[in-house]
Visitor: 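Quick one: this structure, given as structure tokens, is what I'll be asking you about.
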Amino acid sequence: MMLDPQSKALLDKAAAAHVPGPEQCAAPQARELYKRSRLPLQPPKPEMDVVREFTIPGARGPLTLREFRPKGLGERRDLPALVYFHGGGWVIGDLDTHDTLCRQLSHGSGAAVYSVNYAKAPEHPFPAAVDDALLATRHVIESYAQLGINPARIGTGGDSAGGNLATVVAQSLRGTLAHPLALQLLIYPVTDLRFSAASYQNYAHGYGLTAEAMRYFRDTYVRNPADIQDTRASPLLALDLSGMPPALVLTAGFDPLRDEGAAYADALSAAGNPTQYVCFERQIHGFIIMGGAVDEANTAVHLCADFLRARFADTA
């Protein structure tokens, strides 16, 4: 299988520019480099009826959420809702790096989207991000009347480290809610911090995200080796995955995370959960926010939005 030519062109350009990896610089610099490199690759932002930020009290101070409500549906009081966690290895990424994607998902699905600015490592190591993700999701669920959303049509989603948080939240809230979560959208999720899958060797370098960068993210995020075995860090290690929300798991073919995403989809299916799995075989990690330069990114976004719309309709 060949690498997508548009993604290859981006990789070649980055290699020629000698852009340092996140493991080669301090976290603040890595965050700025990530933002500067990703924002120019994004497609035009869909117009929204509502884009606003609000804060809720958190363990480390105010926790910020950014709300998106689709064009023409801003005044509806019964919208479905997706609580979204951005990618970036629990170290980089923010509300702005994933603003366009959240708009696309809201526009395409007809749902409100709540993007969460969870705590980052190294300033706030595991399980701070998990705690913030749970806090934000519970707030959205409990504030459904105030927010104008349907409590029976709320799901979680995220990409990479955000996909990890999305399914960890789903595992943690399983069996505790008056209305079970309607879905989980997992875009090339991190599911196993042991890094033992073959894709870590097959795509260790040369395809954007490297195995070395993933080790840096992991070792910056966890406090000690024991955290790697914690199912809140490695959700694939959960002994019981029954009763999980219906899932779409999306992976990229040239990605160190490919195999653990596929393994998690298989584990969800084996436990009896409705699960769809799609691999974009010619793509690289992180491609879904590159729709201004990679056509298949927009195809993937449409696929995700269609999944959201269909699953939310099933729980109406």
Side-chain angles (χ1 to χ4, degrees), residues 1-22 33-46 86-89 92-93 97-105 107-108 157-164 185-191 195 197-214 217 247-265 276-308:
M1 184 68 65
M2 71 177 286
L3 187 63
D4 176 76
Q6 292 177 316
S7 292
K8 185 179 185 303
L10 293 179
L11 294 174
D12 291 345
K13 184 177 180 179
H18 302 291
V19 178
L33 285 171
Y34 179 70
K35 185 177 292 190
R36 288 199 338 239
S37 67
R38 292 303 185 270
L39 291 182
L41 305 179
Q42 299 186 5
K45 294 179 181 289
H86 67 79
I92 60 179
T97 60
H98 286 65
D99 182 274
T100 299
L101 175 59
C102 288
R103 289 169 182 254
Q104 290 176 300
L105 293 175
H107 173 78
D159 59 292
S160 195
N164 169 281
L185 172 64
L186 310 178
I187 303 168
Y188 31 76
V190 183
T191 67
F195 295 172
S199 55
Y200 269 94
Q201 285 73 51
N202 296 337
Y203 311 110
H205 54 83
Y207 301 102
L209 178 67
T210 64
E212 184 180 10
M214 277 304 301
F217 287 140
L248 171 62
V249 182
L250 184 153
T251 61
F254 291 86
D255 182 357
L257 304 186
R258 171 185 174 149
D259 290 353
E260 66 193 81
Y264 193 64
Q276 300 177 54
Y277 173 71
V278 177
C279 181
F280 280 76
E281 295 284 356
R282 306 201 307 170
Q283 286 306 332
I284 58 174
H285 189 83
F287 80 99
I288 202 165
I289 64 171
M290 302 178 187
V294 177
D295 292 337
E296 278 194 350
N298 300 311
T299 302
V301 170
H302 289 309
L303 177 68
C304 293
D306 288 346
F307 167 76
L308 296 176

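Residue numbers run from 1 in the order of the sequence given. All heavy atoms count here, side chains included; hydrogens, waters and symmetry mates do not.
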Visitor: Looking at NE2 of H107 and SG of C102, how far apart are the two atoms once the value is rounded to the nearest 0.5 Å?
Guide: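 If I round to the nearest 0.5 Å, the distance is 14.5 Å.
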Visitor: Please test F254 against L3 for side chain to side chain contact (heavy atoms under 4.5 Å, CB included), starting from the C-alpha separation and ending with a verdict.
Guide: CA-CA 7 Å; F254 291 86; L3 187 63; 3.6 Å; yes
Visitor: Without swapping roles, check the side chain of Q42 against the backbone of T97 for a donor-acceptor pair under 3.5 Å.
Guide: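 Confirmed, Q42 side chain pairs with T97 backbone.
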Visitor: To the nearest 0.5 Å, tell me how far Y264 OH sits from T251 OG1.
Guide: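 So the gap between those two atoms works out to 15.0 Å.
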Visitor: Taking the side chain from D4 and the backbone from Q283, do they hold a donor-acceptor pair closer than 3.5 Å?
Guide: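 Side chain of D4 to backbone of Q283, a donor-acceptor pair under 3.5 Å: no, none is there.
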Visitor: Checking side-chain contact (heavy atoms from CB on, under 4.5 Å) against F280, which of L303, I288, D255 comes through?
Guide: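 With F280 as partner, L303, I288, D255 yield a single side-chain contact (heavy atoms from CB on, under 4.5 Å), made by L303.
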Visitor: Is there a donor-acceptor pair closer than 3.5 Å between any side-chain N or O of T100 and the backbone N or O of K45?
Guide: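 No; zero donor-acceptor contacts below 3.5 Å.
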Visitor: Calculate, to the nearest 0.5 Å, the distance between atoms SG and CD1 belonging to C304 and I187 respectively.
Guide: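 Rounded to the nearest 0.5 Å, the SG-CD1 separation comes out at 4.0 Å.
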Visitor: Is E260 reaching over with its side chain to a backbone N or O of T191, donor-acceptor style, under 3.5 angstrom?
Guide: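 Yes; judged by distance alone, with no hydrogens or angles, the pair exists.
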Visitor: If you count every heavy atom of other residues, nucleotides or ligands that lies below 6.0 Å from K13 atom NZ, does the total exceed 12?
Guide: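 Count not over threshold, so no.
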Visitor: Assess, by modelled atom type and distance only, whether the side chains of T210 and Y203 contain a donor and an acceptor separated by less than 3.5 Å.
Guide: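 Judged by distance alone, the side chains do not pair up.
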Visitor: So, taking the atom named CG in L10 and the one named CD1 in I284, what distance separates them when rounded to the nearest 0.5 Å?
Guide: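 Taking CG in L10 and CD1 in I284, the distance rounds to 6.5 Å.
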Visitor: Which distance, rounded to the nearest 0.5 Å, do you find between the CZ of F195 and the CG of L257?
Guide: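 Interatomic distance, F195 CZ to L257 CG, rounded to 0.5 Å: 7.5 Å.
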Visitor: Around atom CD of Q6, are there more than 12 heavy atoms from other residues, nucleotides or ligands closer than 6.0 Å?
Guide: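 Yes, CD of Q6 has more than 12 neighbouring heavy atoms, counting only those of other groups under 6.0 Å.
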Visitor: Okay, side chain of N298, backbone of G291: is any donor-acceptor separation there less than 3.5 Å?
Guide: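 Yes; at least one donor-acceptor contact below 3.5 Å.
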Visitor: For the pair R258 (side chain) and S199 (backbone), establish whether a donor and an acceptor sit closer than 3.5 Å, ignoring hydrogens and angles.
Guide: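 Answer holds: no.
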Visitor: Side chains of S160 and H285 only: does a donor on one sit below 3.5 Å from an acceptor on the other?
Guide: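 S160 vs H285: donor-acceptor pair found between side chains.
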Visitor: From L185 CG over to D159 CG, what is the distance, rounded to the nearest 0.5 angstrom?
Guide: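 CG of D159 is found 9.0 Å from CG of L185.
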